[in-house]
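Presented below is the structure to which this report refers.
In listed order, ligands and their atoms are each counted from 1.
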Amino acid sequence: MMSHLSCRNIHKKFGQQTVLEGIDFSLDKGECLVLLGPSGCGKTTLLNILSGAIAADGGELHLDGEALDIPARGIHVPMRQRGFSMVFQDFSLWPHMSVEDNVSYGLRIRGIKRQERIKRVQRVLEQVQMTEFKDRHPATLSGGQQQRVSIARALAVQPRLILLDEPLSALDARLREDLKSEIARLLKDNGLTAVYVTHDQSEAFALGDQVALMYQGRIEQMGSPQEIYRQPRSRFVAGFIGSSNLFEYRRNGTSLILGDEIHVPMPLETLPETGHMVLRRESVRVVPDSSQNAANDEICLPAVCHHSQFLGDRHEVLARLVDDTLVRGFADDLINPGHPVEIRFSMHAMHFVER
Ligand SMILES: Nc1ncnc2c1ncn2[C@@H]1O[C@H](COP(=O)(O)OP(=O)(O)OP(=O)(O)O)[C@@H](O)[C@H]1O
Ligand SMILES: [Mg+2]
């Protein structure tokens, strides 16, 4: 299948500063791509290039085979001709217009007839559950309600592509939780192709068919949420996603030495001589004494509890290994600091990163 949206080797500089460096991805129709990454990594800049608000310096951008941006050939389709919708963190509603007028405005300037406008506005307001507020003005609505209106406005024009820049960041935690799954559902119900910017991992996992983790103007890794989580390719990805323990290792005959002096059996034959190993927090079991039986493939290391905190369903423990390395894991029961423990993990839980 031909990809719907295709981004090839996109570059952007602001003055001397390179902000995007060789961005490459493609996205199929109906898929949602989440751009995830720390502040300043270039997410908004990339979204602005997709929308046409700013022009790329180099590379090629196509949608359905139509060239939108090819600086080398002087091609730049302006924003208003692209037929995209945008949703922003600050809602950006017209303050002097009612909810209904905010939603129908974009349809009017696109020359859509009155009958069709009324039908569409009604449908999208129903979809975001804002029908009863249609005569209100934005200033009289809560943040969550305003964001629903701005999403309705984006859906009403039936865009070829919808671009969302941290739409939930201005809302409180509970509301974010609710709207997150609602947006995911609305995108799918309307068959929309979307690019969604966030620095929140849980939003990325809830919404993304594909997640592109960005760092310093590049895509570090792109894949399904499961791939990004389970098979991080670099230390940056492993550290940004989830909560991981990171070890330097070197090979020594048939074993690996973690840190200075922790010996563990070698899980793979083909490992480089030295490198980094990632161990997810949830793969590490902390037991208060070594009397409990370990599973066959489990590695057991002596340690001392350094700190523990109650999470509700279990305890998170930070334990100190004999070489002073700290390892994070979970325990079923309360363990007090200073108490000797054993940390246990399956050989197969060790994941090796390339860089
Ligand atoms: N118009 C501009 N002129 C100069 N520099 C800019 C401009 N817009 C962005 N930058 C710089 O480009 C880099 C990337 O900015 P961008 O807004 O794309 O980051 P971001 O990933 O969206 O960050 P955040 O999560 O904080 O929103 C930053 O260093 C920023 O200072
Ligand atoms: Mg931004």
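Among the atoms of Thr45, no N, O or S atom is found under 2.8 Å from the Mg ion (ligand 2).
The shortest contact between atom 23 (O) of ligand 1 and any protein heavy atom is with Gly40 N, 2.8 Å. In this structure, the protein non-hydrogen atom closest to atom 31 (O) of ligand 1 is Gln17 OE1, 4.6 Å. Of the protein's non-hydrogen atoms, Lys43 NZ, 2.8 Å is the one closest to atom 25 (O) of ligand 1. Protein heavy atom nearest atom 17 (O) of ligand 1, with residue, atom name and distance: Thr44 CB, 3.7 Å. Of the protein's heavy atoms, Ser39 OG, 2.5 Å lies nearest to atom 26 (O) of ligand 1. For atom 9 (C) of ligand 1, the closest heavy atom belonging to the protein is Phe14 CE1, 3.5 Å. What sits closest to atom 13 (C) of ligand 1 on the protein, heavy atoms only, is Val19 CG1, 3.6 Å.
Residue-to-ligand polar distances place Gly42 within reach of ligand 1: an N/O pair is separated by less than 3.5 Å.
Looking at Glu126 and Thr131, their side chains never bring a donor and an acceptor atom within 3.5 Å of each other. Side-chain N/O atoms of Asp64 and His4 include a donor and acceptor closer than 3.5 Å. A side-chain N or O of Glu203 and one of Tyr196 form a donor-acceptor pair less than 3.5 Å apart.
Using a non-hydrogen distance threshold of 4.0 Å, Cys41 registers as a contact of ligand 1. Residue contacts with ligand 1 leave out Met214, since none of its heavy atoms falls under 4.0 Å from the ligand.
A cation-pi contact, defined as under 6.0 Å to the ring centre and within 45° of the axis, is absent between Arg235 and Phe240.
Those atoms of ligand 1 that come under 4.0 Å of a heavy atom in Glu166, given as number and element, are 25 (O), 27 (O).
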Criterion salt bridge (charged side-chain N to carboxylate O under 4.0 Å, His left out) on Arg250 and Glu273, from CA distance to verdict: CA-CA 6 Å; Arg250 63 197 150 87; Glu273 282 301 314; over 6 Å; no
Give the intermediate values and the outcome of side chain to side chain donor-acceptor pair (under 3.5 Å) for residues His11 and Asp57. CA-CA 5 Å; His11 280 72; Asp57 294 339; over 6 Å; no
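Here Thr45 has heavy atoms under 4.0 Å from ligand 1 in both its backbone and its side chain.
With salt bridges taken as basic N to acidic carboxylate O contacts below 4.0 Å, one links Lys180 and Glu177. Ion pairing between a basic and an acidic side chain is recognised when a charged N comes within 4.0 Å of a carboxylate O; Arg233 and Glu227 show no such pairing.
Atom CG in Leu125 sits 11.0 Å away from atom CZ in Arg123 (nearest 0.5 Å).
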